[in-house]
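In what follows, a single structure is set out as structure tokens and then discussed.
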2 protein chains.
Amino acid sequence: MNKVITINRQYGSGGRDIGRKLAEIYGVPFYDNELISRAAKESGFAEAAFENAEEKATNSLLYSIAMGMNVFSAQEIGYAGLSLDDRIFLAQASVVRKVAESGPCVIVGRCADYILRERDDVVNLFIIAAVDFRIRRAVEIDMLPQNKAAEIVLKKDKTRANYYKYHVGERWDNVLNYDLAIRSDLTGIDGTVVALKAYLDAIESL
Amino acid sequence: MNKVITINRQYGSGGRDIGRKLAEIYGVPFYDNELISRAAKESGFAEAAFENAEEKATNSLLYSIAMGMNVFSAQEIGYAGLSLDDRIFLAQASVVRKVAESGPCVIVGRCADYILRERDDVVNLFIIAAVDFRIRRAVEIDMLPQNKAAEIVLKKDKTRANYYKYHVGERWDNVLNYDLAIRSDLTGIDGTVVALKAYLDAIESL
């Protein structure tokens, strides 16, 4: 398998697990949200900026100072005038580009489909599932409280859709953004992996 | 294969051919736009009404008379006050429901996914492809003139999107309407069929 596979997914659809299984099957690296974030931080992007972002702090002078201390300074790569969120996105995008350059892999989230849109070796997948299935998984796997799970699942969808809309400028649920979009609950996680493997192998053999 | 498969598709994506091949593989009936329209006509819906609709004639008194002459009269099934387009849609919807009731099959177009939304044995597919691939197919297979093909392909997409929006009330390209959406040009038509078969078999085996 000589492709870079990107995966967008509805919360609770099992997209991350599906990505990890595909990476195992093909023996290629797997990068999820957390790994990309960590790599972006370790690449020199001020840790403090990330922490503050997560806390939604608003001391922008402090951020500016933190930003000025690391390799992604405004002067060096033209980040001047960008919000902290945008700077974090750009640092992560830089990581996404680097891992894609190192060869075939699976990347989950982070608008990787958009970031890598100029490459011709990328296959973009979208994993969806019926909301009941996703709520059940959220309770069983992510340990969400039963009485809050439905609300949290729908809120997470909205957050991901907004994140995509903000950074990409397009609708997250537009089928035309993806090479293959698939509902995981009709087949279960393993059945979805089988179908995706059939598609990826067919691409390979063309 | 014990499902009713519906296929929506971008013009030139090969969705119809893919549907026919799936029907052959599973040994189930195949219904395309043309067959559904013909069956709706033959079921008693006045032929004249269809012909006039295609010519976009506006003599609504004539239509009303034509409508009154067939089994789908306004009184019988509550079509009163509906436009001719709506009446045709309802007659076709009735055919779609009937063929779905007779057992597993493949139905292309006609918003069958929406018409059959209450059934739990339906799998909804959407076939897309890069516009260059679709233009090439439109020229080679549908014999569109080279210099008009791009324009016609884009116009057909728009017509299908509008048709769906009008009758279903939702965006045609919303990934959440489908169980699986797939780009046919990365794998070619036969590769797409292989991937879809893997998905349908995985559903079956769950």
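By convention in this document, chain letters (A, B, ...) are assigned in the order of the sequence lines, proteins followed by strands, and residues within each chain are numbered from 1.
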Item checked: Contacting moiety of A:I128, where chain B heavy atoms sit under 4.5 Å ->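 Just its side chain gets close to chain B.
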I need the minimum non-hydrogen distance between [X] and [Y], along with the two atoms involved.
X	Y	answer
B:L116	B:A100	CD2-CB, 3.7 Å
B:G14	B:I189	CA-CD1, 3.8 Å
B:P104	B:V28	O-CB, 3.5 Å
A:A149	A:I135	CB-CG2, 3.8 Å
A:I107	A:A112	CG2-CB, 3.7 Å

Would you mind checking chain B against chain A for donor-acceptor pairs under 3.5 Å and listing them?
| residue | atom | partner | partner atom | Å |
| --- | --- | --- | --- | --- |
| B:R171 | NH2 | A:D173 | OD1 | 2.9 |
| B:D173 | O | A:V175 | N | 2.9 |
| B:D173 | OD1 | A:R171 | NH2 | 3.0 |
| B:V175 | N | A:D173 | O | 2.9 |
| B:D179 | O | A:R183 | N | 2.7 |
| B:D179 | OD1 | A:R183 | NH1 | 2.7 |
| B:A181 | N | A:A181 | O | 2.7 |
| B:A181 | O | A:A181 | N | 2.8 |
| B:R183 | N | A:D179 | O | 2.7 |
| B:R183 | O | A:Y199 | OH | 3.1 |
| B:R183 | NH1 | A:D179 | OD1 | 2.7 |
| B:Y199 | OH | A:R183 | O | 3.1 |

Note to self: I'd like to verify something: which residue of B:L125, B:V123, B:I182, B:V194 has the highest number of heavy-atom pairs under 4.5 Å with chain A?
What the structure shows: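 Most heavy-atom pairs within the cutoff with chain A belong to B:I182.
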Note to self: Using side-chain heavy atoms (C-beta onward) and a distance below 4.5 Å, is B:F30 in contact with B:I5?
What the structure shows: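 SC-SC contact between B:F30 and B:I5 ruled out.
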Next item on the list: Supply the atom-to-atom distance A:I7 CD1 to A:L22 CG, rounded to the nearest 0.5 angstrom.
Entry: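 Taking CD1 in A:I7 and CG in A:L22, the distance rounds to 5.5 Å.
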